[in-house]
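Worksheet: one structure, shown below.
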Amino acid sequence: MWSFNIVPKLLIVTSIFKGAFIAAGASVSATFNNNIQYKFDTDGNSIDSTSGKIDFFDGAYIWYGLANGCGRVFCGILSWSSTDLQTWHPNGFLFDPNTPQIQDFCAPPLSGNCGRPHIVYSKSTKTYVLWLDEGSPGFALFTSSRPTSGYTLSANRALVGYQPPGPFKAGDFSVAVINGTGYIAYSLLDFSTVGASIWPPFVQSIYVQQLTPSLLNTTGNVTHVVSAASDLVDLSAESPDIFRRGDYFYITASNTCGFCTGTLLVVYRSKTIIGPWIRQIISADTCGGQTTGVLTLPGPSGRGDASYLHQADLFSTAPLTGIRTAAHAHQFQLLTFSDLDGSVNDLNCTLSHSATASVIKGTLPKSGKPSHEPTVSSPDPLETPYTPSCLLPTYQLYQTFISPKTGKLSTVSVNIAGIANSTGTLQLTIFRYDNTTAFYTPFYKWDTLATASIPGSSISQAFEAISVPVNSNIKANDKLGIAVVWEGVAPLCVMVTGATGTGGDGRCPIEKGPGGSGRDGSLFAIGAAQVSFRGKVGKTPPIVVLDGEIKWAAVIN
C-alpha cells in the first residue's frame with residue numbers, strides 16, 4: 001500500500017534537485033508496502049513499465065519505462081505523472097513508436113531494442129535528454145523541451161570511452177546528474193566466451209564515465225567498477241544505476257539474468273568515482289525480480305534529507321510466459337544505510353514489510369492527462385492487493401455488483417491480459433438480474449444491457465482496462481453483473497483480490513444487501529462445458545462461487 005498524508009504547513013526553503021528548481025511547498029508522507037505490488041493509473045490500466053524509473057522533473061514525479069503490452073519487440077516508452085507517488089496519471093508515449101523509422105531503429109534483434117530508458121535534464125541546453133540502449137556504437141539519444149512527450153531522435157550517438165573492437169557491446173546502463181555533473185554507468189558485454197559452456201552465455205562488468213555538460217556525450221577517463229574479489233559476480237553485472245548519498249557514490253546492479261524471476265542485487269560503493277569499490281550483495285533474488293534502479297527522492301527541506309527508493313520489476317509475479325511479459329508487478333522499497341561505513345542494509349522481501357518517507361509534494365505538468373474517475377468499482381488497488389489469475393477459459397466468470405445510485409450506466413470495464421496474438425474472442429456482457437438464486441436456476445434469462453466482442457489479437461499483454469459502452473438507465477440498488485467468457489484456447493488472465501480458489505458448496509451465497517459503496521457482490525463461475533446438474537442425486541448446480549473479486553469499474557452519470 002502507498003498511503004499519503006499531506007502535512008498542513010508550508011516549507012520555508014527551496015532546493016535544487018536534478019537540475020530542476022523546487023519551490024517551497026507541502027510535504028507528503030509516503031508509505032511503501034511490499035504487499036501492494038500491482039500499480040494502476042487513473043484510467044484503470046496496470047502500469048505497463050519494464051526497466052523503468054521515476055525521476056523528479058518539472059515539479060512532478062515522472063515514472064517512465066518500456067511498454068511490452070503490444071507483444072512486439074518494441075512497443076514504445078510510456079510515462080506517468082504523479083504529485084505524491086500514489087496516484088499516477090498517464091501521459092502516453094514519449095515518442096510515436098509506430099513510425100517506420102522508429103520500428104526499423106528499435107526492433108532489430110540483439111540491438112538493445114531501445115531499452116533501459118533514462119532521462120536527464122541538461123541545464124546548459126535547457127532540454128531533456130532521453131538515452132536508450134540501441135546497438136553499437138554507443139547509445140541512442142532523443143531530446144525534448146518537455147519531460148513526458150515530444151522526443152525526437154538525434155542523428156548523433158553518445159559514445160563510451162571503453163569498448164574494444166571485436167565481440168564487445170555496451171549494454172545496460174544508467175545516466176544521472178550528481179551535484180551538477182552527469183555520469184553514465186554501463187555494462188560492457190564480452191561475447192568472446194560464447195559457446196564455451198552452458199553458462200554464463202557471456203561475461204559483462206560495469207564501467208563509469210563522466211558526461212559532457214550538454215549530457216549528450218561522454219568525456220574523460222573510464223573507471224572499471226570491480227571489487228577486490230574480481231570474480232564472476234563482478235563479471236556478471238548488468239542493469240546498473242548510479243547515485244550519491246553523503247560521502248559515497250553507489251552503483252547498484254543485478255547479475256546476468258535478463259527479465260528473469262530472481263537475481264542477485266549487488267551494490268558497489270566508493271568515496272570517489274574512480275574507486276576503489278567495495279561490493280555487497282543485499283538480496284539473493286531481489287524479491288523475485290530484477291533491479292531497475294534507485295530513485296533519489298527529494299526531501300522536504302532539500303538539505304540532505306533525501307530518501308533512496310529501490311525499484312524492481314517482479315517478473316516472478318507474471319502469470320504469462322515470455323521474458324518480456326508485460327503482466328508483471330513492481331516493488332518499491334526504501335533503502336536503509338549504516339551510519340558507520342555507508343553500507344546498504346539487506347533488502348526485506350517479506351510482504352508485511354513497509355516503510356515511510358517524507359518527500360516534496362509535486363504538481364502535475366501541463367501534459368498530465370486528466371481522467372474520469374469511476375462511480376463505482378472493485379476495491380481500491382492502493383489499499384487492497386490484486387493478484388493475477390488465469391481463470392479463463394477454465395471458467396466463465398460472472399462478477400456482480402449493486403448500483404449505488406440512479407442514473408445512466410455509461411461504461412463498465414474489466415482488467416484483462418492475454419498472450420500476444422491469441423486466437424479467439426472475448427465476450428463481455430453487462431446485465432441486470434433479479435437475485436442470486438438466478439445463478440442457480442436453469443433457463444434463467446437476465447436483462448442484457450450491453451455486449452462487446454473483443455478479438456484475442458487485440459488484447460494487451462498488460463492488464464489494461466477493457467471498456468464496454470453501456471448507456472442504459474439503471475436505478476439505485478439494481479443488481480448488475482459482468483459476464484466474462486473467453487472463446488479461445490490460450491489462457492486469459494484477470495486481476496483478483498484475495499484468494500482465487502473455489503468457495504462454497506454449490507448452495508446460494510449469502511446475498512449482501514445494497515450498500516453505499518456499490519461493491520457488494522460475488523464472483524460466480526462455471527467450468528467450461530459444465531452446463532448440467534451434478535452430484536449424487538442430480539440436484540447440484542454447476543455454478544460455484546470463487547473467493548475474491550475481479551478488478552472492474554463502472555461510470556454512472
Side-chain angles (χ1 to χ4, degrees), residues 2 15-23 28 30 32 39 41 47 49-66 77-95 115-123 125-132 139 141-151 173-185 211 215 239-245 250-252 291-299 302 306-313 330 332 334-335 357 359-368:
W2 296 8
S15 63
I16 299 294
F17 185 77
K18 290 204 172 186
F21 182 76
I22 301 175
V28 178
F32 303 93
K39 319 297 181 187
D41 65 23
I47 299 289
S49 170
T50 296
S51 301
K53 190 166 186 182
I54 299 173
D55 280 307
F56 193 81
F57 289 134
D58 201 22
Y61 297 97
I62 309 295
W63 183 357
Y64 54 93
L66 291 173
I77 302 170
L78 290 168
S79 80
W80 302 261
S81 298
S82 178
T83 64
D84 55 13
L85 296 167
Q86 176 189 26
T87 302
W88 293 98
H89 301 262
N91 302 313
F93 290 104
L94 300 188
F95 54 85
R116 296 289 299 177
H118 281 79
I119 300 173
V120 282
Y121 179 74
S122 171
K123 293 174 64 178
T125 63
K126 293 182 173 55
T127 58
Y128 294 89
V129 184
L130 169 65
W131 288 57
L132 298 176
F139 295 96
L141 301 170
F142 290 68
T143 58
S144 176
S145 61
R146 304 180 300 277
T148 59
S149 63
Y151 285 89
F173 76 102
S174 69
V175 287
V177 177
I178 300 173
N179 295 336
T181 301
Y183 296 94
I184 181 172
L211 303 182
L215 307 181
S239 61
D241 197 17
I242 182 170
F243 66 98
R244 182 161 186 169
R245 176 185 180 272
Y250 294 84
I251 294 177
T252 55
T291 181
T292 68
V294 174
L295 324 172
T296 302
L297 298 176
S307 300
Y308 301 87
L309 186 67
H310 178 260
Q311 180 175 348
D313 291 328
H330 303 90
F332 295 89
L334 289 168
L335 296 180
V359 298
I360 289 174
K361 183 179 187 296
T363 58
L364 286 180
K366 293 181 180 179
S367 60

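Remember, it's a predicted structure, so these values are computed and weren't measured experimentally. These numbers come from the heavy atoms of this one structure, side chains and all, not from hydrogens, waters or symmetry mates.
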Run the ring-ring contact (aromatic ring centres under 6.0 Å, His included) test against [X] and tell me which residues pass, sequence neighbours left out.
X    : value
H330 : W63, H328
Y64  : none
Y151 : none
Y308 : F243, F337

Find out whether [X] and [Y] are in side-chain contact, i.e. whether some heavy atom of one side chain is under 4.5 Å from a heavy atom of the other.
X    : Y    : value
K39  : W80  : no
L85  : L297 : yes
D55  : L295 : no
Y121 : V177 : no
L66  : I77  : yes
L130 : P117 : yes

TODO: With side chain to side chain contact (heavy atoms under 4.5 Å, CB included) as the test, would you mind laying out the steps for V359 and F56 before giving the verdict?
DONE: CA-CA 11 Å; V359 298; F56 193 81; over 6 Å; no

- [ ] Establish, from distance only, whether the side-chain atoms of T181 and N179 form a donor-acceptor pair under 3.5 Å.
- [x]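 Result is no, nothing qualifies.
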
Open item on the list: Quiz question: by atom type and distance under 3.5 Å, do the side chains of D313 and T50 form a donor-acceptor pair?
Closed with: no

How many angstroms lie between [atom1] in [X] and [atom2] in [Y], if you round to the nearest 0.5 Å?
X    : Y    : atom1 : atom2 : answer
S82  : K361 : OG    : NZ    : 9.0 Å
L94  : I62  : CG    : CD1   : 9.5 Å
Y61  : L309 : OH    : CG    : 10.5 Å
L364 : S81  : CG    : OG    : 6.0 Å
T143 : L215 : OG1   : CG    : 12.0 Å
K53  : T292 : NZ    : OG1   : 8.5 Å

TODO: Could you tell me which residues satisfy side chain to side chain contact (heavy atoms under 4.5 Å, CB included) with T125, sequence neighbours excluded, listed by chain and number?
DONE: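 Checked T125 against side chain to side chain contact (heavy atoms under 4.5 Å, CB included); matches are S122, T127, S214.
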
side-chain hydrogen bond (donor to acceptor under 3.5 Å, both in side chains) against [X], all qualifying residues, sequence neighbours excluded:
X    : answer
S174 : D241
S51  : none
Y250 : none
T252 : none

Open item on the list: So which atom in F57 and which in I119 form the shortest heavy-atom distance, rounded to 0.1 Å?
Closed with: CZ-O, 3.3 Å

TODO: Take the angle between the ring planes of F139 and W131 and call it parallel below 30°, perpendicular above 60°, tilted in between.
DONE: tilted

- [ ] State whether the side chain of R116 and the backbone N or O of P240 hold a donor-acceptor pair below 3.5 Å, judged by distance alone.
- [x] yes

